[in-house]
Enquirer: 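Got a structure for you, written out below as structure tokens; questions coming shortly.
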Amino acid sequence: MSAEAFIQAFRRFAARRFCPKQMISDNGSNFVAGEACLRQIWNRPQVQSVMQRRKCYWKCIAPRAPWQGGFYERMIGTVKKCLRKTLHGQKISFPELQSLIVEIEARVHNCPLTYLSDDFSQRESLSPSHLIHGGLLSPLIPLAEKDPVDPSHVTRSDLVERYQHLSKVIKRWNAVWTREYLTALREYLYGASSPYNRVQLKPGNLVLIDSDGPRSE
């Protein structure tokens with residue numbers, strides 16, 4: 001939570017995702033100090049020549065107004081809530097936690113935003129993964145406990161057990177996330193508009209239904 005730690009995190013983010021044109025954050029002391037440090041660096045002449053086309057515009061929401069960051073706080077809160085329910089009573093190592101977080105990130109980025117055209121035969125809808133990577137992300141296939149394992153190809157059974165355990169944790173998170181996320185969307189839809197102004201479904205409308213298949217479908 002220090003400004004130095006944030007600067008390093010921002011450098012890693014820019015190296016992985018490219019430097020953004022706009023950033024929106026709250027008024028945390030680490031963000032405010034980090035912004036001042038970055039702005040001081042960008043104001044140097046030798047940096048201006050390189051960063052003039054890539055300069056990031058930083059916008060802080062109003063102080064003591066967390067609802068202005070609702071569009072990202074809601075998503076973060078839902079992910080944390082599902083993660084707490086999933087890891088309750090579970091023991092995982094720090095590398096496993098890192099893998100779990102990255103796979104959750106991939107699944108969240110695969111969530112559909114909208115369809116691309118009026119042609120409903122085009123199954124793949126637009127997602128954040130398309131905007132970031134150009135297509136859907138495909139995490140490794142989980143290994144269920146009932147899957148047979150050839151002992152000749154495994155040198156240590158505990159590696160398989162840990163892989164199976166993490167796969168089970170991810171599967172449980174998927175179930176909790178689907179239930180919590182879809183419920184949150186339904187609550188927002190019913191609470192955001194008057195019953196008289198709701199859009200009535202008609203034949204031909206594209207809707208999101210609950211199923212056991214991949215979220216992208």
Side-chain angles (χ1 to χ4, degrees), residues 1 5-6 8-18 71-116 121-188 206-217:
M1 294 298 292
F6 169 73
Q8 299 302 326
F10 182 77
R11 291 185 61 178
R12 293 192 297 269
F13 177 87
R16 286 173 173 168
R17 308 290 193 189
F18 197 75
F71 67 96
Y72 55 83
E73 292 289 358
R74 180 61 172 172
M75 182 64 71
I76 294 173
T78 305
V79 171
K80 285 184 176 181
K81 182 178 180 182
C82 297
L83 193 58
R84 282 194 297 267
K85 289 184 177 181
T86 303
L87 294 179
H88 180 70
Q90 300 289 332
K91 290 184 178 181
I92 61 175
S93 63
F94 184 70
E96 290 174 337
L97 179 62
Q98 288 179 308
S99 300
L100 177 62
I101 295 298
V102 173
E103 292 208 16
I104 288 175
E105 174 187 338
R107 286 165 170 79
V108 172
H109 284 168
N110 283 344
C111 288
L113 296 175
T114 182
Y115 51 90
L116 297 176
S121 62
Q122 187 175 4
R123 296 289 184 178
E124 193 169 281
S125 57
L126 182 66
S127 70
S129 294
H130 287 87
L131 303 178
I132 299 174
H133 305 286
L136 293 175
L137 299 174
S138 300
L140 290 178
I141 299 176
L143 182 63
E145 293 183 353
K146 62 181 179 181
D147 293 342
V149 179
D150 189 355
S152 62
H153 295 147
V154 180
T155 57
R156 295 184 59 188
S157 60
D158 56 337
L159 296 178
V160 180
E161 292 178 359
R162 296 311 303 173
Y163 194 96
Q164 290 175 335
H165 176 68
L166 188 60
S167 299
K168 185 168 66 174
V169 171
I170 294 174
K171 181 179 179 181
R172 187 182 303 113
W173 185 90
N174 280 333
V176 177
W177 163 260
T178 301
R179 183 173 62 253
E180 296 285 344
Y181 182 64
L182 293 180
T183 302
L185 290 179
R186 183 180 60 190
E187 292 175 354
Y188 174 78
L206 187 65
V207 298
L208 181 64
I209 61 175
D210 187 11
S211 69
D212 295 331
R215 290 194 61 83
S216 60
E217 299 179 0

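Note that this is a predicted model, so its numbers are computed, not measured.
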Enquirer: Does a salt bridge link K168 with E96, judged by any charged N lying under 4.0 Å from a carboxylate O?
Expert: no
Enquirer: Is there a side-chain contact between I101 and L83 in this structure, where contact means two heavy atoms from C-beta onward sitting under 4.5 Å apart?
Expert: yes
Enquirer: Is there a side-chain contact between S99 and L166 (heavy atoms, below 4.5 Å)?
Expert: yes
Enquirer: For residues V169 and T86, report the shortest heavy-atom separation together with the two atoms involved.
Expert: O-CG2, 3.2 Å
Enquirer: Distance check, rounded to the nearest 0.5 Å: I132 atom CD1 versus F18 atom CZ?
Expert: 14.5 Å
Enquirer: Of all the heavy-atom pairs spanning P128 and H109, show the shortest one and how long it is.
Expert: CD-O, 3.1 Å
Enquirer: Yes or no on side-chain contact (heavy atoms from CB on, under 4.5 Å) for K85 and R172, after CA distance, side-chain angles and deciding distance?
Expert: CA-CA 9 Å; K85 289 184 177 181; R172 187 182 303 113; over 6 Å; no
Enquirer: Examine distances only and state if a side-chain atom of E180 and a backbone atom of W177 form a donor-acceptor pair shorter than 3.5 Å.
Expert: no
Enquirer: Could you tell me if S129 and N110 have a donor-acceptor pair between their side chains, going purely by distance under 3.5 Å?
Expert: yes
Enquirer: With a 4.5 Å heavy-atom cut-off, do T114 and S125 have their side chains touching?
Expert: no
Enquirer: Is the shortest side-chain heavy-atom distance between L137 and H133 below 4.5 Å?
Expert: yes
Enquirer: For the atom pair CG (L131) and CG (L126), what is the distance rounded to the nearest 0.5 Å?
Expert: 5.0 Å
Enquirer: Determine whether R17 and R12 make a side-chain contact, defined as any pair of heavy atoms from C-beta on separated by less than 4.5 Å.
Expert: no
Enquirer: Are side-chain heavy atoms of L100 and L87 found at a separation under 4.5 Å?
Expert: yes
Enquirer: In Å, rounded to the nearest 0.5 Å, how long is the span from OG of S167 to CZ of R162?
Expert: 11.0 Å
Enquirer: Can you confirm whether L97 sits close enough to S93 that some side-chain heavy atom of one is under 4.5 Å from a side-chain heavy atom of the other?
Expert: no
